[in-house]
Amino acid sequence: MKTFIRKSLTYIVILLLLTGGIISVLLKLYPEVFLSSRVEYVMWNKQLERIYRTKHKQHLNAIIGDSRAMAAINPKDLSPNYQNFSLGGTSFYEGYITLRTLLETNKIDTLIVCYAPVHFEKNGGNLLQRTMVFQYSQQKDIEELAKIEKQFNANIETKENQDYQLFSTVDRLLHYYHEPFTFRGTMIGQFQKNWIPSPIEAQVKKELDQNLGQAFYGRNTSMFGVAEEARELNFKPNPVIDHYLDAMMELVKKHHIACYIITPPMSKNTYKFAKKAYFRAYLGHLLHLQSRYPNVHIDTNLHVFGPFRFGDASHVN
């Protein structure tokens, strides 16, 4: 019996080692297949490359935001020296890291900050699936985030307050270091979805290069759906995300940057179906930010356009 147990345990350990080794090799060889969707992989890596390689610019004008900012703001339509460094699915946490990184080697004259209302409230799973998977934070940032969450008794992923839990940080670190068994449950699904290259990968790369960081998410000529804001019951700023907005504004002040916080466009359908109290609370929060940051120019208007301006429910085309 003891021999049977010992052999069984040996086989299990060998199987686990083989499985982990195979997954690790696949993650390294085919990250665009197993870490995310292929188009998202292209977008994030192109943008991160641009952030890290932009150096020694004396008069850089930067756009930092989420996917809606990436789709809506073409730097070429603005004055010279603008570049769009937006990252899809992010909040002010990633925005702070982007601004901090750019300022290490550049002098920023003007900064445009543009995030969807919902990204004042939560990252909604994107922290693990994007920020950690693409290793944008440093380990010190992950540890600092845990301290801030504990301080505010809140979680950056959700708008609901909750007790700080150690496993959140552990889970983030496992995703960050691409621990193989963290991805075990998604390997088959990712293979089925992503093994064949997407036909728009090359188009996305071309757009990001030609438009200095601007690229479209939706590819439709019109869209009658609704963005996430239309499904929200109330607007509630996340204190952890708000902390990182404060951190961004401290950098703005320290480096004497002209800063504009603007609201991305939304569709008429989203505005029509969303609760009016949601947008009243959002606009009220923007007015509060204007009083909090008197030297920052804050756009306190909603920009609502018809369906033929949208490539999907959230992004302009």
Side-chain angles (χ1 to χ4, degrees), residues 39-90 92 94-95 97-99 101-116 119 136 198-223 227 248 251-252 255-267 296-299 301-317:
V39 176
E40 186 174 289
Y41 182 85
V42 167
M43 282 186 164
W44 265 77
N45 277 279
K46 270 286 185 183
Q47 289 297 80
L48 294 185
E49 180 181 294
R50 294 180 57 257
I51 291 167
Y52 294 138
R53 290 190 178 181
T54 300
K55 298 183 184 295
H56 310 304
K57 302 287 186 184
Q58 292 302 310
H59 300 286
L60 177 66
N61 297 324
I63 300 156
I64 294 177
D66 55 17
S67 61
R68 300 192 205 183
M70 181 188 288
I73 308 175
N74 188 336
K76 291 186 174 182
D77 294 336
L78 304 173
S79 60
N81 301 319
Y82 269 98
Q83 292 195 50
N84 194 329
F85 298 104
S86 299
L87 293 165
T90 59
F92 294 109
E94 293 85 357
I97 295 172
T98 298
L99 181 58
T101 303
L102 291 171
L103 286 170
E104 288 174 357
T105 55
N106 301 281
K107 171 69 173 72
I108 296 178
D109 291 340
T110 303
L111 172 67
I112 294 175
V113 178
C114 181
Y115 287 94
H119 287 148
Y136 191 41
S198 167
I200 64 171
E201 285 180 55
Q203 186 177 349
V204 167
K205 290 180 182 178
K206 183 178 179 181
E207 287 175 357
L208 288 170
D209 287 335
Q210 288 185 343
N211 299 334
L212 301 175
Q214 185 267 345
F216 295 111
Y217 272 67
R219 302 283 160 173
N220 297 300
T221 56
S222 63
M223 174 54 65
M248 285 187 76
L251 289 177
V252 164
H255 292 273
H256 308 289
I257 302 169
C259 181
Y260 299 81
I261 298 177
I262 66 174
T263 301
M266 75 178 67
S267 70
V296 175
H297 307 276
I298 298 181
D299 175 18
N301 297 297
L302 297 177
H303 307 284
V304 182
F305 298 103
F308 295 100
R309 296 286 299 275
F310 284 80
D312 64 19
S314 301
H315 306 94
V316 295
N317 56 18

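Predicted, not measured: the structure shown is a model, and the values here were computed from it.
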Hydrogens and angles aside, do [X] and [Y] bring a side-chain donor and acceptor to less than 3.5 Å of each other?
{"X": "Thr98", "Y": "Tyr136", "result": "yes"}
{"X": "Thr263", "Y": "His303", "result": "no"}
{"X": "Asp109", "Y": "His59", "result": "yes"}

is_close_aromatic(Tyr115, Phe92), centroid dist under 6.0 Å: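 When the ring centroids of Tyr115 and Phe92 are compared, they turn out to be within the sub-6.0 Å range.
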
For residues [X] and [Y], determine if any side-chain heavy atom of one lies less than 4.5 Å from a side-chain heavy atom of the other.
{"X": "Tyr260", "Y": "Thr110", "answer": "yes"}
{"X": "Pro265", "Y": "Arg68", "answer": "no"}
{"X": "Ile63", "Y": "Tyr82", "answer": "yes"}
{"X": "Phe85", "Y": "Leu212", "answer": "no"}
{"X": "Leu87", "Y": "Ile64", "answer": "no"}
{"X": "Phe308", "Y": "Thr221", "answer": "no"}
{"X": "Arg219", "Y": "Asn317", "answer": "no"}
{"X": "Ile73", "Y": "Leu78", "answer": "yes"}

Determine whether a donor-acceptor pair (N or O, by modelled atom type, separation under 3.5 Å) exists between the side chain of [X] and the backbone of [Y].
{"X": "Asn211", "Y": "Gly213", "result": "no"}
{"X": "Gln47", "Y": "Ser86", "result": "yes"}
{"X": "Asn220", "Y": "Met223", "result": "no"}

Between atom [atom1] of [X] and atom [atom2] of [Y], what is the distance when rounded to the nearest 0.5 Å?
{"X": "His255", "Y": "Leu103", "atom1": "NE2", "atom2": "CG", "value": "4.5 Å"}
{"X": "Ser267", "Y": "Phe310", "atom1": "OG", "atom2": "CZ", "value": "5.0 Å"}
{"X": "Ile108", "Y": "His256", "atom1": "CD1", "atom2": "NE2", "value": "13.5 Å"}
{"X": "Lys205", "Y": "Ile200", "atom1": "NZ", "atom2": "CD1", "value": "12.5 Å"}
{"X": "Lys57", "Y": "Thr105", "atom1": "NZ", "atom2": "OG1", "value": "10.0 Å"}
{"X": "Met70", "Y": "Glu207", "atom1": "CE", "atom2": "CD", "value": "10.5 Å"}

Do you know which two heavy atoms are closest between [X] and [Y], and how far apart they sit?
{"X": "Ala215", "Y": "Leu208", "result": "CB-CD2, 3.6 Å"}
{"X": "Ala69", "Y": "Cys114", "result": "CB-O, 3.4 Å"}
{"X": "Leu102", "Y": "Ala62", "result": "CD1-CB, 4.3 Å"}

Val113 and Met248: CA distance, side-chain angles, deciding distance, side chain to side chain contact (heavy atoms under 4.5 Å, CB included) verdict: CA-CA 10 Å; Val113 178; Met248 285 187 76; 4.0 Å; yes

Quick one: list whatever passes side-chain hydrogen bond (donor to acceptor under 3.5 Å, both in side chains) with His297, sequence neighbours left out. none

For Pro75, which of Asn84, Asn81, Asn61 qualifies under side chain to side chain contact (heavy atoms under 4.5 Å, CB included)? Asn84

Return each pair, listed once, that meets salt bridge (Lys or Arg N to Asp or Glu O under 4.0 Å) where at least one residue sits in residues 42-52; pairs must be two or more places apart or across chains. Lys46-Asp209, Glu49-Arg53

Is it true that, when you exclude Lys206 itself, more than 12 heavy atoms of the residues, nucleotides or ligands shown sit nearer than 6.0 Å to its NZ?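 Atom NZ in Lys206 is not crowded, with 12 or fewer foreign heavy atoms closer than 6.0 Å.
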
